[in-house]
K.L.:
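Structure below; questions to follow.
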Amino acid sequence: MSPTSNARERAASGHSLLSALNPAQREAVETLEGPLLVLAGAGTGKTRVITTRIAYLMERGVAPSNILAVTFTNKAAGEMKERVKALAGERTKALTIGTFHAFSVRLLRAHGEALGLSRSFTICDSSDQLSAVKSVMRELRVHETTMHPSAVLARISLAKNRMETPALLRETATSTRDELVASVWERYREHLTRSRTLDFDDLLLETVRLLREHAKVRDFCRKAYRYILVDEYQDTNHPQYEIVRELAAEHRNVCVVGDDDQSIYGFRGADIQKILGFHHDFKGAKVVRLETNYRSTRPILEAANAVIRHNSARHEKSLVSAVGEGAPVRLTRLADETIEAQFVVEEILKLVRRGEGRLSDVAVLFRTQVQPRPFEAELRAKGIPYVLVGGMSFFDRKEVRDVVAFLRVASNPDDEAAFLRVINTPPRGIGKTTLDRVLAFATSEGISAPRAFARAEEIEGVSEDAIEAYEDFRGRLARVAIENATHDLVARLGGLLEAVDYKSEVRRLYADPMTREARWAAVEEMLNFAENYTRRSPRPTLAGFLEELALTSGDEPSERDSPGEAVTLMTLHAAKGLEFPHVFLVGMEEGLLPHARAVADGGCEEERRLAYVGITRAMRALTLSFVSERAKYGKRVAAMPSRFVFEMRGKTPPDDWVPVEATLDAGRDDEPTKPNTGSSAVPAGGRKAARRGRRSRASGASPRKRPR
DNA sequence: GGCTATGCTTTTTTT
DNA sequence: AAGCATAGCC
């Protein structure tokens with residue numbers, strides 16, 4: 001189609017989706033056919049492009065049911081739906097917009113039987129994964145000091161994300177640790193299969209397998225989803241990429257949008273190569289760059305550009321501000337984290353008093369979850385309302401986890417993790433010894449723990465009382481299941497809690513009426529959740545409810561507790577995609593940002609992108625702070641300003657500055673034989689700094705000993 | 001079996 | 001500093 005005919009059409013239709021777009025954005029929207037990579041820098045109107053593009057596709061006659069848009073978070077999916085609806089109205093209902101995981105679950109529920117999956121599989125969360133790994137390690141008689149279970153799990157997950165197999169890992173093992181991981185992985189897999197459970201990684205992997213091995217499903221999907229959009233493509237991992245590739249293989253109408261400079265989920269398997277190499281993976285791909293930033297003032301963008309320039313693996317681009325001049329970026333050194341919090345809170349009060357903004361215009365961003373503590377304390381002391389995003393989620397609360405476990409056991413009797421959680425909740429006389437024996441039996445028979453319990457008479461050392469208690473528990477569940485067959489979800493959930501007498505558990509655990517009430521409120525909140533789900537869902541089911549819980553539990557509780565006017569506290573990861581007129585980026589220190597651990601794993605470039613994400617959240621004012629001394633694991637330790645601070649100002653660090661690398665114990669966690677892949681141990685941007693650090697030590701000007 | 005006290009480790013980020 | 005596991009006691 002020629003541009004003129006397009007223009008004519010727009011004029012003819014009288015309204016124009018495109019008129020609000022700049023030329024690059026317009027090109028991204030109008031290129032409907034073939035692979036398209038949209039490199040959208042921070043604040044360049046990425047979401048606007050995606051939503052307009054969807055609306056435009058529909059305007060051009062594409063059926064909404066033929067459009068698939070995938071995102072990484074439910075929040076992003078929700079926002080996308082909203083905005084498309086605002087542009088295109090009711091027809092958006094037939095669109096498929098969701099996360100990769102949600103899309104996968106849907107497909108697996110519908111067609112998973114072809115893979116031998118049970119229709120009632122449950123999804124296990126990361127804490128279930130961890131207990132599975134722990135129990136496997138116990139089975140294998142591996143002491144937890146050999147290798148931390150969470151480290152084992154991380155390796156397994158990473159390997160899964162690379163679509164490797166235990167066998168491959170064993171073959172290529174370069175250390176006994178690799179072999180250990182391979183063994184645990186094998187058993188872990190059996191463990192989950194027995195429980196008819198899939199973990200997050202499996203959802204994607206099984207979907208890939210489904211699409212690859214079952215031509216009927218594959219062809220159906222290819223026909224159904226003729227236009228594919230992927231948001232935040234820089235966060236795509238290998239299985240996700242394979243899903244996209246399978247779906248788009250024939251029509252090749254795949255538009256991916258993202259910013260390689262904002263790839264911050266590498267630790268979770270996201271592969272920046274996917275966005276860097278899109279034009280190789282999809283030959284003939286068109287590339288559109290969005291570089292006009294509508295969010296931040298020039299000084300803020302200059303700071304961002306100055307930092308990110310030090311990364312080597314990236315698509316070259318630089319943001320230009322459409323906003324123009326503004327206040328310079330501020331940088332402050334404070335004595336310690338308490339003073340830092342006082343300073344920031346004082347600054348917030350000042351700017352509100354001066355009328356420069358409201359509390360909801362302000363965000364405090366930090367690297368780790370321990371940092372918000374002093375800020376919370378200070379904000380409370382001053383009576384300033386705030387919202388802490390992330391942190392301990394509602395879904396991490398003990399009561400909520402208990403309730404979910406009851407539901408999971410009711411939905412999938414083989415779900416071992418859930419079963420073990422609630423078999424003795426409230427205490428019904430089934431203790432550790434009994435469970436150990438049952439578990440041992442389950443392992444030797446290759447069945448799930450609940451099934452093993454059903455055959456408890458065969459197990460030596462399991463008391464009559466325990467068997468009776470188990471049968472009583474099962475009986476209660478069964479009774480509720482029958483009684484409730486006709487009831488709605490909320491009533492069933494209520495009945496279930498009644499039947500297992502959960503209230504007495506809460507009563508038993510919390511003597512204080514205040515806390516007891518607060519605890520029980522969480523349980524009631526779950527009932528609200530169920531009610532809400534029932535209302536929203538066209539065909540509410542227990543499994544559907546559990547799915548939603550599993551897939552959205554990482555999300556913040558949305559506007560539920562509508563904080564109104566409040567300061568936002570959150571991690572840099574949580575801040576991606578958001579913007580605030582006033583941003584405080586705190587804890588700009590070597591070891592924190594870049595985080596020591598990330599640097600040790602050669603992930604400094606990702607840390608730099610994290611800093612970049614933080615800086616680019618700011619619209620009008622950005623304040624960075626760092627601290628001379630900070631409490632760590634209960635001890636006070638000296639801190640250095642972050643290398644990113646120097647990069648940002650184009651300065652070299654002073655002679656007594658020490659990079660984190662120099663403070664890391666050598667050869668700690670990884671294979672000591674194999675040096676770190678590539679030269680990534682010395683990050684591109686930190687090269688100067690690192691050399692300097694080393695030289696100053698070599699020349700005898702040893703770094704000042706950490707005081708105190 | 002269940003509860004409490006003591007000692008020890010630590011997750012950086014999350015679908 | 002705090003949560004978690006283990007040990008030891010009722």
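Naming convention: chains lettered A, B, ... in sequence-line order (proteins, then strands); numbering from 1 in each chain.
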K.L.:
For the residue pair A:R536 and A:Y533, would you count it as a cation-pi contact if the rule is NZ or CZ under 6.0 angstrom from the ring centre and within 45 degrees of the ring axis?
P.N.:
no

K.L.:
Separation of A:Q129 atom CD from B:dT11 atom P, in whole Å?
P.N.:
16 Å

K.L.:
Could you give the CG-to-C1' distance, from A:L158 to B:dT11, as a whole number of Å?
P.N.:
16 Å

K.L.:
Is there a donor on the side chain of A:R367 or the base of B:dT13 sitting less than 3.5 Å from an acceptor on the other?
P.N.:
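Side chain to base: pair present.
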
K.L.:
Can you tell me how far P of B:dT11 sits from CZ of A:R268, to the nearest Å?
P.N.:
19 Å

K.L.:
Got a donor-acceptor contact below 3.5 angstrom from the A:T425 side chain to the A:R421 backbone?
P.N.:
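Between the backbone of A:R421 and the side chain of A:T425 there is a qualifying donor-acceptor contact (under 3.5 Å).
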
K.L.:
In whole Å, measure the gap between the P atoms of C:dT6 and B:dT11 for me.
P.N.:
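Approximately 16 Å lies between the P atom of C:dT6 and that of B:dT11.
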
K.L.:
A:T73 has a side chain; which of B:dT14, B:dT15, B:dC3 sits nearest to it?
P.N.:
B:dT15

K.L.:
May I ask you to list the residues of residues 232-240 of chain A, by number, that have any heavy atom positioned under 4.0 Å from an atom of DNA chain B?
P.N.:
none

K.L.:
Mapping A:K432 and A:Y633 to their closest nucleotides on DNA chain C, which lands nearer the 5' end?
P.N.:
A:Y633

K.L.:
To the nearest Å, how far apart are A:M570 CE and B:dT12 C1'?
P.N.:
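Distance, rounded to whole Å: 17 Å.
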
K.L.:
Measuring to OP1 and OP2 of B:dT13, would you say a side-chain N or O of A:T368 lies under 4.0 angstrom away?
P.N.:
no

K.L.:
Between A:F366 (CZ) and B:dT11 (C1'), how many Å, whole number?
P.N.:
15 Å

K.L.:
Quick check for you: among B:dT12, B:dT13, B:dC3, whose closest atom lies nearest to any side-chain atom of A:D601?
P.N.:
B:dT12

K.L.:
Side chain of A:R373, heavy atoms from C-beta onward: which of B:dT12, B:dT13, C:dA2 has the nearest atom to it?
P.N.:
C:dA2

K.L.:
Looking at A:H573, does any N or O in its side chain come under 4.0 Å of the phosphate oxygens OP1/OP2 on B:dT12?
P.N.:
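Result: no.
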
K.L.:
Looking at A:R474 and A:E471, is any side-chain nitrogen of the basic one under 4.0 Å from a carboxylate oxygen of the acidic one?
P.N.:
no

K.L.:
Measure from the side-chain heavy atoms of A:R508 and tell me the nearest of B:dT12, B:dT14, B:dC3.
P.N.:
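The listed nucleotide nearest to A:R508's side chain is B:dC3.
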
K.L.:
Please report the distance, rounded to the nearest Å, between CG in A:L592 and P in B:dT11.
P.N.:
16 Å

K.L.:
Please confirm whether the shortest side-chain N or O distance from A:S150 to OP1 or OP2 of B:dT10 is below 4.0 Å.
P.N.:
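False: A:S150 side-chain N/O out of range (4.0 Å or more) of B:dT10 OP1/OP2.
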
K.L.:
Given A:E590, which partner from the list A:R630, A:R643, A:R367 fulfils the salt bridge (Lys or Arg N to Asp or Glu O under 4.0 Å) test?
P.N.:
A:R643

K.L.:
Output yes when A:R508 and A:D501 qualify as a salt bridge under the 4.0 Å nitrogen-oxygen rule, no when they do not.
P.N.:
no

K.L.:
What integer distance in Å separates A:R597:CZ from B:dT9:C1'?
P.N.:
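About 12 Å, once rounded to whole Å.
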
K.L.:
What nucleotide, of B:dT12, B:dT14, B:dC3, holds the atom closest to the side chain of A:Y265?
P.N.:
B:dT14

K.L.:
Salt bridge check, A:E399 against A:R519: does any charged N sit closer than 4.0 Å to a carboxylate O?
P.N.:
yes

K.L.:
Using only heavy-atom distances, decide whether a donor-acceptor pair under 3.5 angstrom links the side-chain of A:H595 to the base of B:dT12.
P.N.:
no

K.L.:
Cation-pi between A:R617 and A:Y612: NZ/CZ under 6.0 Å from ring centre and within 45° of the ring axis?
P.N.:
no

K.L.:
Taking CG from A:L203 and C1' from B:dT15, how many angstroms apart are they, rounded to a whole number?
P.N.:
9 Å

K.L.:
Ignoring backbone atoms, establish whether A:N424 has a side-chain N or O less than 4.0 Å from OP1 or OP2 of B:dG2.
P.N.:
yes

K.L.:
Less than 3.5 Å apart, any donor N or O on the side chain of A:Q129 or A:S126 sitting next to an acceptor on the other?
P.N.:
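No, A:S126 and A:Q129 have no side-chain donor paired with an acceptor closer than 3.5 Å.
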
